[in-house]
Amino acid sequence: TPLLTIERGDRILYGETEIAILSPDEGWRESAAMNDTSIVSLVKPPFYSLLLTGDIGMNVEEALASRGSLRAHILKVGHHGSKYSSGKEFLESVRPAIAIIEVGENRYGHPTEEALERIQGSGAQVFRTDRDGSIKIVSQGGRVQVISLRR
């Protein structure tokens with residue numbers, strides 16, 4: 001199986017969709033904290049954008065936000081809604097209309113009230129896989145719809 005290493009600055013084109021890799025860069029790739037090495041990508045299909053954040057925490061979020069706007073319609077919330085993710089400055093840079101938290105039953109208390117308050121304070125509509133089931137994003141004719149597939 002061929003191995004492909006991707007890092008900040010790489011771009012993938014798939015049909016009409018562009019995927020821009022925002023992190024990790026060389027510095028984060030060498031981090032001792034595994035979550036810092038998560039791939040962060042800005043996915044731009046026609047009509048909307050989606051920021052995928054893996055398990056990054058506020059330290060990586062702050063570094064990304066310091067580079068400029070991260071504007072995205074939809075945010076896949078980092079680190080399952082940990083209190084160490086979804087910082088205020090980061091959310092101000094992304095300005096998501098929709099925030100999706102991938103989380104199941106866990107012993108860590110994710111998503112935390114602190115993270116939920118920050119995300120809801122950003123004005124984003126929140127979807128959670130523990131409460132809403134699988135989340136499906138459908139785009140057709142310039143209209144984007146988020147569908148909750150409750151269990």
Taking it one step at a time, do Ile100 and Ile74 satisfy side-chain contact (heavy atoms from CB on, under 4.5 Å)?
-> CA-CA 8 Å; Ile100 299 171; Ile74 302 171; 3.9 Å; yes
Could you please spell out the steps behind the side-chain contact (heavy atoms from CB on, under 4.5 Å) verdict for Ile101 and Leu116?
-> CA-CA 10 Å; Ile101 304 172; Leu116 287 170; 3.7 Å; yes
Apply side-chain contact (heavy atoms from CB on, under 4.5 Å) to the pair Ile135 and Leu149, showing each step before the final yes or no.
-> CA-CA 6 Å; Ile135 307 298; Leu149 305 172; over 6 Å; no
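The neighbour count for Glu16 CD, taken as heavy atoms of other residues, nucleotides or ligands under 6.0 Å away, does not exceed 12.
Contact annotation: the side chain of Leu75 approaches that of Leu91 to within less than 4.5 Å [non-hydrogen atoms, C-beta and beyond]. Between Ile39 and Ile6 there is a side-chain heavy-atom pair separated by less than 4.5 Å. The closest side-chain heavy-atom distance from Val60 to Ser23 is below 4.5 Å.
With hydrogens and angles disregarded, a donor-acceptor distance shorter than 3.5 Å links the side chain of Arg67 to the backbone of Leu22. Between the side chain of Ser148 and the backbone N or O of Asp132, at least one donor-acceptor pair lies under 3.5 Å. Proximity of a side-chain donor or acceptor of Thr112 to a complementary backbone N or O of Ala115 within less than 3.5 Å is detected. Checking side-chain atoms of Arg71 against main-chain N and O of Ser93 turns up no donor-acceptor pair under 3.5 Å. For the pair Asp10 (side chain) and Arg8 (backbone), a donor-acceptor distance under 3.5 Å is absent. With Ser38 contributing its side chain and Asp55 its backbone, the two residues share a donor-acceptor pair below 3.5 Å. Judged by distance alone, the side chain of Glu61 and the main-chain N or O of Ser86 form a donor-acceptor pair under 3.5 Å. Checked by atom type and distance alone, the side chain of Ser82 never pairs as donor or acceptor with a backbone atom of Pro111 at under 3.5 Å. A donor-acceptor pair is defined here as one N or O able to donate and one able to accept, closer than 3.5 Å; such a pair exists between the side chain of Asn106 and the backbone of Gly109. Side-chain atoms of Ser85 do not come within 3.5 Å of backbone N or O of Gly57 as any donor-acceptor pair.
Remark: Leu4 CG to Ile12 CD1 distance equals 7.0 Å, nearest 0.5 Å. Distance check, rounded to the nearest 0.5 Å: CD of Glu113 to NZ of Lys83 gives 12.5 Å.
Identified under the ring-ring contact (aromatic ring centres under 6.0 Å, His included) test for residues 78-100, with sequence neighbours left out: His79-His110.
Residues Val144 and Ile19 fall within the same hydrophobic cluster, defined by Ile, Leu, Val, Met, Phe, Trp and Tyr side chains chained together at heavy-atom separations under 4.5 Å. One hydrophobic cluster holds both Tyr48 and Ile98 under the rule that ILVMFWY side chains link at heavy-atom gaps under 4.5 Å. Placement of Tyr14 and Val43 in two distinct hydrophobic clusters is found when ILVMFWY residues are connected by side-chain heavy-atom separations under 4.5 Å, directly or transitively. There is no path of hydrophobic side-chain contacts, each under 4.5 Å, that joins Val103 to Tyr108. Ile119 and Val146 end up in different hydrophobic clusters when Ile, Leu, Val, Met, Phe, Trp and Tyr side chains are linked at under 4.5 Å.
The two residues Ser139 and Pro46 come nearest to each other via the heavy atoms OG-O, 3.8 Å. When every heavy atom of Pro24 is checked against every heavy atom of Asp36, the shortest pair comes out as CB-O, 4.5 Å. Nearest heavy-atom pair, Ala72 versus Leu42, reported as atom, atom and distance to 0.1 Å: CB-CD1, 4.0 Å. Of all heavy-atom pairs between Ala20 and Arg11, the closest is CB-NH1, 2.7 Å. Residues Glu102 and Lys76 come closest through the heavy atom pair OE1-CD, 3.6 Å.
Across Leu64, Leu70, Leu52, a single residue satisfies side-chain contact (heavy atoms from CB on, under 4.5 Å) together with Val40, and that is Leu64.
One finds a salt bridge joining Glu92 and Lys88 here, because a Lys/Arg side-chain nitrogen approaches an Asp/Glu carboxylate oxygen to under 4.0 Å.
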